[in-house]
Amino acid sequence: MHDADRLRAQDAPDFEHLLDRALRSEEIREAVRRTDGALNAEQLRTRALQARAALVATAVPEYRDYLQLRAAAAESRPTSPAVPATTTASGLLPALGVLVPALSATAAVLFLALGLGLRAAGLPSGFADELVGAGLTAAGVAAAATSVGLLWMLIAATRNRSAAEAGGPGGAGTPLAEAYEAWQQALLERGVLPFLLGLLDDPGRKRGPGGFSGPDVTGPEVPDRE
C-alpha cells in the first residue's frame, strides 16, 4: 500500500470503533459461539489490530476519497473565523443563571429575617412590613430565575444531543460525511468482517482480509503522523 494510503493517526480510533462494532455484531457473536470459544472477542481484536495495514488496504479507494474531501474542507475553513454575537450571549446566560438566583435568594433570606425580627421585637410595623414584602419579592425573583436557568440548560442539552446525533465529519448528508460512511462500510464489508470470520473458520491460522491466508503479522502498524 502506498504511503499516501496508510491509515492516518487521527483515523486510528475510527478503525478501532469499527472493529469493536463488528465484534459486537450478531454475525460474529454467533460465529464465536459455533467455535466453542476457540477465539474470544479480545483475541480476535488483537489479531485484527495486528493486521490493520492489510485491512485498511481493502478500502483504499474509499479512504482516498475521504482524505481528499477532508483536506479540501480543511483548506476552505476560515483560519480566523469571526466570533458570533451568540457566543458572548451563550457565555453570559449561564453566569446570570447562577448569579441571579443566588443573589435573589440571599436578599430574600436577609429581608425576611430582618422584617420578621422587627415584628417579633414589636418595633414599628410599617418598616417591618416593607422588609417582609421585599423579601417575598426577592424570593419570587429567585424562583423565576431558577426556572429560567433550568429551562435554558434543558434547551442547551437538547441542542448538544441533536448535534451529536447528526454524527459524521461535517454533519450528516454532506459529501464529507457520505465519503466517511462509504469508507467505513467498505472497510467493514471487505476487510474487518471477512477477516474475523476467516479467523473463526480456522483459529490456528493467520488470515488476511477476505479469508485468504495472509502473512504473519507480528505487531500493529505504526500510523503516519500528519
Inset, instruction - Could you tell me the separation between the CG atom of Leu44 and the CD1 atom of Ile28, rounded to the nearest 0.5 Å? - result: 7.5 Å
Legend entry - Reported CZ-to-CG distance for the pair Phe195 and Leu199, which is rounded to 0.5 angstrom: 4.5 Å
Inset, instruction - Would you mind checking if Glu16 and Arg21 are paired as a salt bridge, meaning a charged N to carboxylate O distance below 4.0 Å? - result: no
Inset, instruction - Evaluate the side-chain proximity of Phe15 to Val56: yes if any heavy-atom separation is below 4.5 Å, no if none is. - result: yes
Legend entry - Pair Glu189-Gln185, side-chain donor/acceptor within less than 3.5 Å: yes
Inset, instruction - Supply the atom-to-atom distance Asp14 CG to Leu18 CG, rounded to the nearest 0.5 angstrom. - result: 8.5 Å
Legend entry - Shortest non-hydrogen contact between Ala182 and Glu62, atoms and distance: O-CG, 3.8 Å
Inset, instruction - Any chance you could measure Leu187, atom CG, to Arg52, atom CZ, to the nearest 0.5 Å? - result: 11.0 Å
Inset, instruction - Could you tell me whether Asp11 and Arg70 make a salt bridge, using a distance below 4.0 angstrom between a side-chain N and a carboxylate O? - result: yes
Inset, instruction - Rounded to the nearest 0.5 Å, what's the gap from CZ on Arg47 to CG on Leu39? Could you check? - result: 5.0 Å
Inset, instruction - Grab the two heavy atoms, one from Leu69 and one from Ala179, that are nearest each other, plus how far apart they are. - result: CD1-CB, 3.5 Å
Inset, instruction - Please name the pair of heavy atoms, one in Ala22 and one in Leu196, separated by the smallest distance, quoted to 0.1 Å. - result: CB-CD1, 4.0 Å
Legend entry - Side-chain heavy-atom pair Tyr180, Leu176 within 4.5 angstrom cut-off: no
Inset, instruction - Check the angle between the aromatic planes of Tyr66 and Tyr63 and answer parallel, tilted or perpendicular using the 30° and 60° thresholds. - result: tilted
Inset, instruction - Apply salt bridge (Lys or Arg N to Asp or Glu O under 4.0 Å) to Glu42 and list each qualifying residue two or more places apart in sequence or on a separate chain. - result: none
Inset, instruction - Nearest 0.5 Å please: distance from the CG atom of Leu188 over to the CG atom of Leu193. - result: 4.0 Å
Inset, instruction - Check Thr35 against Leu200 and note the closest heavy-atom contact, atom names and distance. - result: CG2-O, 3.2 Å
Inset, instruction - Report yes or no: does Arg8 contribute a side-chain atom to a donor-acceptor pair with the main-chain N or O of Arg6 at less than 3.5 Å? - result: yes
Legend entry - Backbone of Gln43 reached by a side-chain donor or acceptor of Asn40 within 3.5 Å: yes
